[in-house]
Amino acid sequence: MRKRVLTLWDGSVFLALVVLMGCLIAAVAAYHHIYMKTPDYAVAQVIRAAHSGDIETFSQHVDEEALSGQFFDALVSHTSDSTDEAFLLNLVRSPLRSSFVTTADLYLDWTLTGNTDNDEYKKTGDNLQRTLKSAGLSIPLAGWHLDSADWSQGKTVKLYLYNDRLGATVPCTVTLEQTPSQTWMITGLADPAAFLNDLREVMKQELDEYNEPTQKKIDAIMTVRNVSSKIVSGQGRTFLRLSYTPVFRKDRSDIAAIKAVYTLRRDSDKAVLYTSPLRLSTSAEKRTHESQFLLNPLIPSQYSLIRSQNLDGMTGELHITAITLNDGTSFSLADTLPDGQ
């Protein structure tokens, strides 16, 4: 029988195979002992779980209660005095906060698992939508996807949320903490105020685009200019006084009703400090009109206005939202996107 002689070439192949196996073993070991214990691995698992409806894995890497609580705090603080320690303490203990967290977590879990074809799911969504709208955030709840994420920066990762209805992507930077098992969990929002502002800006752009044809029809009938605001006090009460000048481009006698919304915002972060609907008068074109709003000291943001006695660093806005003519013709701006948009 002819014996096979081991050549130099055969030895090189064998050595290469050994090196390759060593590399593969090292790669697997690195995956299990290094990458699986990084924030990036946790985020990758969250994205995969969100796409597949794997609620167990999602909950392992996301503190839903903490995120919902921070989001609620940001919603309320955005319209209040966020520097008042007593207010912030009461906010954390508020039953409204607890209810919002429970409702938001339930809605998210049902959405991820596809358990959406029931009356309770719709009722839960409606409750959340009302809360968001009352805080000036009329965003759609449906159609959100966790698209992708940047590489982690220390203990933070920027996620990208896409919404089908808005056709837009909103960035959201989250914070992560390491667990006793050396894995990582998303535990909070790095900048809740910035996230809310991004949501509001995206929603405003979409609504402005949707309302553009109606807005042009309203502007062709009437606009307002010289909008100003000031604080006035007397007899133990404090008012927010609005002044404006109407400009009519159609005979005033043809107009039956004009609805508007007055909003006072803080310049630094665009926080809404006061908002109220009102009806505008059709009398006396190009004459200054005034409206007064009684401030309530039991509402934190209004109490702050009462204490300040001035509106430095704030801007008042007056927007016409609807006009009805005597012949029954009506033009009204939408405050939420209709279904299918």
Side-chain angles (χ1 to χ4, degrees), residues 78-81 133-136 138 200-201 204-205 207-208 211-335:
H78 198 68
T79 58
S80 309
D81 185 1
K133 187 174 182 180
S134 67
S138 300
R200 284 190 172 92
E201 187 60 30
K204 182 180 182 303
Q205 290 176 1
L207 267 179
D208 287 348
N211 282 322
E212 185 176 4
T214 304
Q215 184 68 66
K216 289 181 177 179
K217 293 176 182 177
I218 290 176
D219 291 344
I221 297 173
M222 176 189 176
T223 59
V224 293
R225 67 184 184 188
N226 303 330
V227 178
S228 63
S229 311
K230 65 180 179 179
I231 297 288
V232 295
S233 299
Q235 299 181 342
R237 298 190 297 175
T238 304
F239 295 86
L240 184 59
R241 180 175 294 172
L242 162 71
S243 300
Y244 65 94
T245 303
V247 178
F248 295 94
R249 295 183 171 86
K250 187 177 181 64
D251 194 323
R252 300 193 308 278
S253 62
D254 293 335
I255 303 174
I258 307 166
K259 294 181 180 179
V261 170
Y262 169 72
T263 306
L264 180 70
R265 298 181 187 274
R266 189 163 50 218
D267 295 336
S268 60
D269 58 1
K270 304 303 179 184
V272 177
L273 302 177
Y274 187 90
T275 185
S276 176
L278 70 157
R279 288 180 176 270
L280 303 187
S281 172
T282 60
S283 64
E285 180 179 6
K286 295 184 179 180
R287 193 191 73 186
T288 299
H289 290 241
E290 292 184 343
S291 294
Q292 285 195 160
F293 310 97
L294 178 63
L295 296 177
N296 184 350
L298 299 179
I299 299 175
S301 59
Q302 296 184 32
Y303 178 63
S304 297
L305 293 175
I306 294 173
R307 286 193 306 173
S308 67
Q309 286 296 305
N310 67 70
L311 300 179
D312 294 344
M314 309 173 205
T315 300
E317 304 169 351
L318 182 62
H319 294 292
I320 300 173
T321 57
I323 289 181
T324 301
L325 303 180
N326 289 325
D327 62 6
T329 304
S330 181
F331 305 107
S332 180
L333 299 177
D335 58 1

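Fair warning: this is a prediction, and the values are worked out from it, not measured in the lab.
- Partners of F293 according to the ring pair (Phe, Tyr, Trp, His ring centres under 6.0 Å) rule, which considers only residues two or more places apart in sequence or in another chain, are Y262, Y274.
- When side chains are defined from C-beta on, K230 does not count as touching L240, because their heavy atoms never get closer than 4.5 Å.
- Side-chain atoms of S228 and R241 form no donor-acceptor pair, as typed in the model, at a separation below 3.5 Å.
- Judged as a side-chain hydrogen bond (donor to acceptor under 3.5 Å, both in side chains), and not counting sequence neighbours, the contacts of K204 are D208.
- T329 places none of its side-chain heavy atoms less than 4.5 Å from the side chain of I323.
- Between L333 and the options K259, Q215, E212, a side-chain contact (heavy atoms from CB on, under 4.5 Å) holds for only Q215.
- K133 places a side-chain heavy atom less than 4.5 Å from the side chain of D335.
- With sequence neighbours excluded, no residue satisfies salt bridge (Lys or Arg N to Asp or Glu O under 4.0 Å) with E290.
- Evaluation of the ring pair (Phe, Tyr, Trp, His ring centres under 6.0 Å) test over residues 212-245, restricted to residues two or more places apart or in two chains, returns Y244-H289.
- With hydrogens and angles disregarded, a donor-acceptor distance shorter than 3.5 Å links the side chain of R252 to the backbone of T282.
- A donor-acceptor contact shorter than 3.5 Å is absent between the side chain of N226 and the backbone of T245.
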Enumerate donor-acceptor pairs with a distance under 3.5 Å from any side-chain N or O in residues 310-317 to protein atoms, sequence neighbours excluded.
unit_1	atom_1	unit_2	atom_2	d
N310	OD1	D312	N	3.0
N310	ND2	S308	O	3.1
T315	OG1	D267	OD1	2.7
E317	OE1	R265	NE	3.4

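- Residue T238 holds its OG1 atom at 4.5 Å from CD1 of I306, rounded to the nearest 0.5 Å.
- Between V272 and T263, the closest side-chain pair of non-hydrogen atoms falls below 4.5 Å.
- Here N326 pairs with A256 under the side-chain contact (heavy atoms from CB on, under 4.5 Å) rule; sequence neighbours left out.
- With respect to the salt-bridge test (charged N to carboxylate O, under 4.0 angstrom), the residues D219 and R249 do not qualify.
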